Amino acid sequence: MNKENKLIPGLPSGFEDRWNKTLILKKRLLKVIESNFIKYGFDPLETPSFEIAENIGSFLAEDDSNPMSDVFSFNDGEKNITLRYDLSSPLARFVAQNNQELPSIYKRYAIQNVFRNEKSGNARFREFTQADCDIVGKVNPAQANAELCNLVASTLIECGLKKDQFTINVSNRKIVQGLIEDLKIEKEKQIKVMRAIDKLDKPGFGLKGVEELLRKERKDRSGAITKGANLSDDQASKILSFLRIKDLKELKENFKNPLTQEGIKELEELFEVLNFGNYSDQVKTNFTIVRGLAYYDGFCIETNLNFKTTNNEGKEIDIGSVCSGGQYNKLISRFKGVDIPGTGVSIGVDRLLFAMSQINQVQLDDQKPVIVCVMDEKYLKNYYEILEVLRKNNINSEIFLDSKKNLGKQLTYANKRGCPIAVICGENEFKDNKITLKNLLGIKGEDNQITFSKENLVNEIKKFI
RNA sequence: GCCCGGGUGGUGUAAUGGUUAGCACGGAAGUUUGUGGAACUUUAAGUUUGAGUUCGACUCUCAGCCCGGGUACCA
């Protein structure tokens, strides 16, 4: 045993193999999501995994500390290229590049994996699937954004969530921007303030946590210290009183900044259109939704699940938003010669999967194959004939692939595999033109076998599956 | 990135400075060449890595690696 030379199988952290039930559920979700996107009038788009680094990197958050650290970047000998970090930036590039060919309002969906080079955990992976819908072009924002809300709600319901199991939180960044303007908060602090506001709904934060972040510093459960924004008492208390407001009318009366008022008006218009549809109950205003700072500049949306999720040790964890997005007016105009606004949402399919796989609400059609046992190698041809009949009739089926193994072994295999039925035929059956079926899911100890004449094969099997 | 905790066969665990690292499940082979999900027998497979302390390290110390959690960031 020279084990020094042997490889140890493993994956880089944050990457996951997926198989069995989870994968089947994922495929099911993807199918539902895609057909719902199509139903809402979106066209498919697929872009390569790699983009030219500048096209993705130039609008990363203007955060001093880690500019490009979250993207996987490579040099192909000529250029720096990066794995796509999301689906919006490839879309922006694509639209800028193919502007002439596209309709004036371009609705596209993309369901692809994205890559993030960051710490994993809590249903956060370094490669994960996003299902993204965007509307690009000059549109009535209220209509476009309402369409997105409806799309999210109906998709999640189609995926198997109940109406009360999720909440779509919407806001408009102009509201918070106006507030920050009013309070004359210095530019350097604005990012921190917005991020602090965004954390209100995070478990373990609440008003107290946000206040600490607005002022000097916050010490978390592990003892690590996060520096705060160092606001004045007046600034901090104004923001805190803003955070207490849940009602659009109350906000409208108390915060008169023009930009804030504009944001409020846009939200009102959104709800007006939402009321024409079926999902307005699922959508709630939440003025603390601020989201990423790089380019959102109006409507923003975040969808949270209303039930708890646990990790495989049974510990309750917060998986965050399963679906988020917003309006971006400058994302595409970064490119030469185009100035087109857009708005979109992205479903975090793997997070949704993580949550859905814990609530057993979805009926899965995971039909394991019928197994044709090879009892006597002499009759191999006959076994393949049976197999052919089954497959012609769309019955998932397989033949046991090692004809040297005895029947007991074959059944052990079939049992572990979860096969519902075994076809067991030997000399006796073939002589009389009969077939024997064994119901592998039957009660132990009972006689689970039937023998019948060959022509009835398909009908008999269909009684069981 | 930062903070905290943890790493013993594939999985779950025992041994806490001292013989050959024990047990269970799972795997493989057999008892059983026409009957699985039971039993029995056999078998393969493990101390995360490196340095240090020690007569002696799975056990103690330091560092790396990996895993988990918190936090930060998240288009």
Side-chain angles (χ1 to χ4, degrees), chain A residues 1 3 8-14 56-61 63-67 69-71 84-92 114 116-122 124 126 128 130 132 134 191-192 195-196 198-199 202-205 209 213 217-227 291-296 300 311-313 315-318 320-321 324-326 328 330-331 334 342 344-346 348 371 373-377 403-419 422 424-429 436-445 447-449:
Chain A
M1 277 293 180
K3 66 176 181 181
I8 297 159
L11 286 171
S13 72
I56 281 188
S58 61
F59 66 102
L60 277 161
D63 193 335
D64 32 337
S65 50
N66 48 348
S69 61
D70 285 352
V71 283
R84 65 168 107 72
Y85 185 91
D86 70 347
L87 298 175
S88 306
S89 48
L91 170 68
V114 301
R116 298 189 184 183
N117 190 7
E118 60 191 24
K119 186 182 177 290
S120 56
N122 276 15
R124 302 169 57 126
R126 289 159 90 197
F128 57 97
Q130 285 196 334
D132 201 283
D134 288 82
I191 290 176
K192 278 199 167 153
R195 287 175 184 168
D198 203 41
K199 295 214 160 44
K202 256 197 107 171
F205 275 82
L213 283 176
E217 60 182 27
R218 174 173 185 272
K219 203 186 215 179
D220 66 55
R221 236 197 290 171
S222 71
I225 286 169
T226 312
K227 278 200 174 145
R291 300 204 38 75
L293 293 146
Y295 60 67
Y296 283 135
C300 46
N311 65 8
N312 49 15
E313 278 154 22
K315 211 170 168 187
E316 191 178 295
I317 54 171
D318 170 40
S321 163
S324 42
Y328 44 86
K330 292 183 201 106
L331 182 61
R334 302 178 295 126
V345 284
S346 202
I371 187 155
C373 295
V374 179
M375 188 179 271
D376 189 340
E377 220 175 346
S403 39
K404 297 277 187 290
K405 289 269 199 307
N406 65 32
L407 187 58
K409 283 278 179 286
Q410 300 191 26
L411 290 174
T412 304
Y413 161 84
N415 197 51
K416 175 149 195 194
R417 184 98 168 63
C419 294
I424 300 176
C425 298
E427 191 157 352
N428 302 338
E429 282 81 2
T436 296
L437 283 192
K438 188 180 186 84
N439 176 11
L440 295 175
L441 307 177
I443 294 159
K444 188 181 160 186
D447 179 26
N448 292 306
Q449 265 175 239

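We name chains A, B, ... by the order of the sequence lines, and we start the count at 1 in each one. Remember, predicted model here, so these are calculated numbers, not experimental data.
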Using the 3.5 Å cut-off, write out each protein N or O paired with an N or O of nucleotides 28-30 of chain B and the distance between them.
from, atom 1, to, atom 2, distance (Å)
B:A29, OP1, A:K405, NZ, 3.4

Inset, instruction - Go through the structure and list residues passing salt bridge (charged side-chain N to carboxylate O under 4.0 Å, His left out) with A:K405, not counting sequence neighbours. - result: A:D402
Show the distances under 3.5 angstrom between N or O atoms of the protein and N or O atoms of nucleotides 3-7 of chain B.
from, atom 1, to, atom 2, distance (Å)
B:C3, O2', A:S222, O, 2.6
B:C3, O2, A:S222, OG, 3.0

Inset, instruction - Would you check if A:Y328 stacks with the base of B:A75, given a 5.5 Å centroid limit and a 30° plane limit, both strict? - result: no
Inset, instruction - Indicate, with a heavy-atom threshold strictly under 4.0 Å, whether A:N428 touches base, sugar-phosphate, or nothing. - result: base
Legend entry - Canonical and wobble pairing (Watson-Crick, G-U, under 3.5 Å) of RNA chain B, dot-bracket with |: (((((((..((((....[...)))).(((((.......)))))....(((((..]....))))))))))))....
Inset, instruction - Could you check which of B:U71, B:G36, B:G34 has an atom nearest any side-chain atom of A:L440? - result: B:G36
Legend entry - Whole-Å gap separating P (B:U33) and CD1 (A:I424): 16 Å
Legend entry - Selected nucleotide, minimal atom distance to A:T226 side chain, candidates B:G26, B:C73, B:A72: B:A72
Legend entry - Partner set under ring-ring contact (aromatic ring centres under 6.0 Å, His included) for A:Y413, not counting sequence neighbours: A:F400
Inset, instruction - Could you check which of B:C74, B:G36, B:U71 has an atom nearest any side-chain atom of A:R195? - result: B:C74
Inset, instruction - Return the set of residues passing side chain to side chain contact (heavy atoms under 4.5 Å, CB included) with A:R221 (not counting sequence neighbours), or none when no residue passes. - result: none
Legend entry - Selection from B:U71, B:G34, B:C73 that lies nearest to any side-chain heavy atom of A:K199: B:C73
Legend entry - A:P203: partners by side chain to side chain contact (heavy atoms under 4.5 Å, CB included), with sequence neighbours left out: A:D318
Inset, instruction - Would you mind reading off the distance between A:K227 atom NZ and B:C73 atom P, rounded to a whole angstrom? - result: 14 Å
Inset, instruction - Would you please name every residue forming a side chain to side chain contact (heavy atoms under 4.5 Å, CB included) with A:S324, sequence neighbours left out? - result: A:R291, A:E302, A:S321
Inset, instruction - Only counting residues at least two apart or in another chain, list the ones meeting side chain to side chain contact (heavy atoms under 4.5 Å, CB included) with A:N415. - result: none
Inset, instruction - Return the set of residues passing salt bridge (charged side-chain N to carboxylate O under 4.0 Å, His left out) with A:R218 (not counting sequence neighbours), or none when no residue passes. - result: A:E212
Legend entry - Listed partners of A:E427 passing side chain to side chain donor-acceptor pair (under 3.5 Å), at least two apart: none
Inset, instruction - List for me each residue that meets salt bridge (charged side-chain N to carboxylate O under 4.0 Å, His left out) alongside A:K404, sequence neighbours excluded, and say none if there are none. - result: A:E377
